Amino acid sequence: MYDVDEIRPGLEGVVAFETTIAEPDKEGGALRYRGVDIEELVGQHPFEKVWGLLVDESLEPGMPHAEHIELQDPSGSVMADLQAGLATLGPKWGLKQIVDIEPEQTRDDLGRLSAAALSIVAQAARGKAPVVPESDVEQGENAAAQFLIRWRGEADPRHVKAIDAYWISAAEHGMNASTFTARVVASTGADVAAALSAAVGALSGPLHGGAPSRVLAMLDEVQRVGDAERVVRATLDRGERLMGFGHRVYRAEDPRARVLRRTARELGSERFEAAEALERAALAELRARKPDRVLATNVEFWSAVLLDLAEVPAELFTSMFTCARVAGWSAHILEQKREGRLIRPTAVYAGAPARPLATLDG
């Protein structure tokens, strides 16, 4: 029998895996991929090479160039098209189940599908506009540029740098709902397309993946009112949350926020001054009202600023997060393949005692 005190709803704090992929440093406010701080990666190496660092522990060769994917009967939802598209690529491409292939083949399948995910999102976002020829796409300098060319037909250099920085910062962050989902499916021996598709499904709910779009509403208000402190006080007085502050992991500033703030400044974001003013006002007011809690800036705040700079509409923010996270998911799926153990936690029954069927109403 289990002691009820041993049960942790949501598996909060339960250690399920040993991983060598990423290390969020809770106290120091650092995030390291395979031991390398993301501050050394953003702006120095493109996302597809960081994919390689996470999956292969090497920047080379990195994620392959995306193949052209023909979307069949788009649904109007980018996330739904991505989830369905990835699931169907398994049988279309004849991918074998993880349990039947070597790690090297698993890795190659993951690279092919990760690149395909970026292609699917770009084309789904493009809607009914004509598909861009692959010869044009190949002119893009990196995966972010190729993504933008597929989506918009062109790649503004500032937008490329903004998206690349965001993707790298959001590529991996340890165990969370979508990553856990990917590992659970991988542990069953399913093909990698099923594991990635399931991870996308875990992002369809509002409680995971963040909603940096809600930060933009606050920034709009600051720019309209012209007084960040007044906006912050009014928001808190109404009992509403300040979006973009506080994190379940970090007890200091989210290191991803630091990197994205720097990038927004370097790229000359039109919202930078308003964002800094809002950030200062929010941190001061939160310290005054909740001195016993550490509520520092998290990744959502400056993600919103950077994605806005790249002219990404708010309804595509979750899709952009998904593009980034294929790197971390791939690394965890491969790590789970090597672990070779089915994930099967235990539940403690807390229902009615044994009783005859006749005692039930109706």
Side-chain angles (χ1 to χ4, degrees), residues 11 16-17 19 21-22 48 51-52 54-56 63-64 66-75 77-124 167 170-205 207-209 318-345:
L11 302 181
F17 308 102
T19 183
I21 299 168
E48 61 269 27
W51 185 97
L54 286 166
V55 176
D56 303 323
M63 185 180 70
E67 301 174 38
H68 174 63
I69 307 296
E70 283 287 352
L71 287 181
Q72 303 296 322
D73 191 25
S75 67
S77 166
V78 176
M79 290 295 287
D81 287 343
L82 176 59
Q83 186 178 7
L86 286 173
T88 58
L89 284 178
K92 282 181 180 178
W93 287 353
L95 300 185
K96 294 183 178 180
Q97 295 182 320
I98 295 174
V99 71
D100 295 325
I101 57 179
E102 295 300 317
E104 292 74 19
Q105 184 61 56
T106 304
R107 182 265 177 222
D108 290 345
D109 290 349
L110 286 165
R112 194 179 177 193
L113 281 164
S114 294
L118 271 59
S119 178
I120 291 171
V121 170
Q123 291 187 68
W167 280 353
E172 160 63 3
H173 202 251
M175 202 50 53
N176 47 67
S178 59
T179 301
F180 185 70
T181 299
R183 290 193 73 134
V184 168
V185 176
S187 80
T188 71
D191 66 51
V192 295
L196 287 174
S197 177
V200 174
L203 283 176
S204 60
L207 300 184
H208 176 42
T318 302
S319 301
M320 297 300 288
F321 178 79
T322 307
C323 289
R325 195 49 64 90
V326 295
W329 293 339
S330 296
H332 278 275
I333 290 167
L334 189 57
E335 191 171 72
Q336 187 62 42
K337 155 69 179 173
R338 289 174 170 141
E339 174 124 341
R341 186 177 180 88
L342 178 67
I343 297 171
R344 191 189 185 284

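Values in this document were obtained by computation on a predicted structure and should not be read as measured data.
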**Q** Check side-chain hydrogen bond (donor to acceptor under 3.5 Å, both in side chains) between Thr322 and all other residues, then give those that pass, not counting sequence neighbours.
**A**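 Once residues adjacent in sequence are excluded, Thr322 has no partner under the side-chain hydrogen bond (donor to acceptor under 3.5 Å, both in side chains) criterion.
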**Q** Got a sec, which residues hit side chain to side chain contact (heavy atoms under 4.5 Å, CB included) with Arg341, two or more places apart in sequence or on another chain?
**A**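 Arg341 satisfies side chain to side chain contact (heavy atoms under 4.5 Å, CB included) with Glu339 once adjacent residues are dropped.
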**Q** For the residue pair Ala195 and Ile333, what are the closest heavy atoms and their distance?
**A**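 Heavy atoms only, the tightest pair is CB-CD1, 3.6 Å.
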**Q** Just jot down the side-chain hydrogen bond (donor to acceptor under 3.5 Å, both in side chains) partners of Asp191, sequence neighbours excluded, or say none.
**A**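 With neighbours one apart ignored, the set is empty.
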**Q** Once side chain to side chain contact (heavy atoms under 4.5 Å, CB included) is applied, do any residues pair with Thr88, and if so which ones, sequence neighbours excluded?
**A**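 Once residues adjacent in sequence are excluded, the partners of Thr88 under the side chain to side chain contact (heavy atoms under 4.5 Å, CB included) criterion are Lys92.
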**Q** Not counting sequence neighbours, list each pair that qualifies as a side-chain hydrogen bond (donor to acceptor under 3.5 Å, both in side chains) and has a residue in residues 95-107.
**A**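 Only Asp56-Arg107, Gln105-Asp109 qualify under side-chain hydrogen bond (donor to acceptor under 3.5 Å, both in side chains).
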**Q** Partners of Ser114 by side chain to side chain contact (heavy atoms under 4.5 Å, CB included), sequence neighbours excluded?
**A**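 Listed in chain order: Trp51, Met63, Val326, Ser330.
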**Q** Of all heavy-atom pairs between Ala198 and Val185, which one has the smallest distance, and what is that distance?
**A**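 Closest approach of Ala198 to Val185, heavy atoms only: CB-CG2, 3.6 Å.
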**Q** Just wondering, do Val192 and Ile98 contact through their side chains at under 4.5 Å, heavy atoms?
**A**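 The answer is yes; the side chains approach within 4.5 Å.
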**Q** Sequence neighbours left out, what passes side-chain hydrogen bond (donor to acceptor under 3.5 Å, both in side chains) with Gln336? Give chain and number order.
**A**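 Expected list: Arg183.
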**Q** Could you pull out the closest heavy-atom pair between Ala202 and Ser178, with the gap in Å?
**A**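 For Ala202 and Ser178, the tightest heavy-atom pair comes out as CB-CA, 3.6 Å.
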**Q** Can you measure from CH2 (Trp329) to OG1 (Thr181) and round to the nearest 0.5 angstrom?
**A**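 Output value for this atom pair is 9.0 Å.
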**Q** Does Ser187 reach the main-chain N or O of Ile343 with its side chain, forming a donor-acceptor pair under 3.5 Å?
**A**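 Yes; judged by distance alone, with no hydrogens or angles, the pair exists.
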**Q** Could you pull out all residues at least two apart from Thr179 that satisfy side-chain hydrogen bond (donor to acceptor under 3.5 Å, both in side chains)?
**A**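 Partners of Thr179 under the side-chain hydrogen bond (donor to acceptor under 3.5 Å, both in side chains) test: Asn176.
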**Q** Got a donor-acceptor contact below 3.5 angstrom from the Glu335 side chain to the Thr19 backbone?
**A**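 Absent.
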**Q** Just to verify, what does Asp81 make a salt bridge (Lys or Arg N to Asp or Glu O under 4.0 Å) with, not counting sequence neighbours?
**A**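 In terms of salt bridge (Lys or Arg N to Asp or Glu O under 4.0 Å), with neighbours along the sequence ignored, Asp81 is linked to no residue.
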**Q** Under the side chain to side chain contact (heavy atoms under 4.5 Å, CB included) rule, collect the residues that match up with Ala87, sequence neighbours excluded.
**A**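 Result, side chain to side chain contact (heavy atoms under 4.5 Å, CB included) vs Ala87: Ser197.
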**Q** For a quick test of reading the model, state the closest non-hydrogen atom pair linking Leu82 to Val200 and the distance between them.
**A**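 Scanning both residues, the minimum pair turns out to be CD2-CG2, 4.0 Å.
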**Q** If you round to the nearest 0.5 Å, how far is CG of Leu334 from CG of Leu54?
**A**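 One finds 11.5 Å between CG of Leu54 and CG of Leu334.
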**Q** Do Pro103 and Lys337 have side chains that get closer than 4.5 Å, going by heavy atoms?
**A**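 Yes, their side chains come closer than 4.5 Å.
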**Q** State, to 0.1 Å, how close Ala193 and Leu95 come at their nearest heavy-atom pair, and which atoms those are.
**A**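 The answer is CB-CD1, 4.3 Å.
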**Q** So which atom in Ala170 and which in Arg325 form the shortest heavy-atom distance, rounded to 0.1 Å?
**A**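 Shortest heavy-atom separation between Ala170 and Arg325 comes out as O-NE, 2.9 Å.
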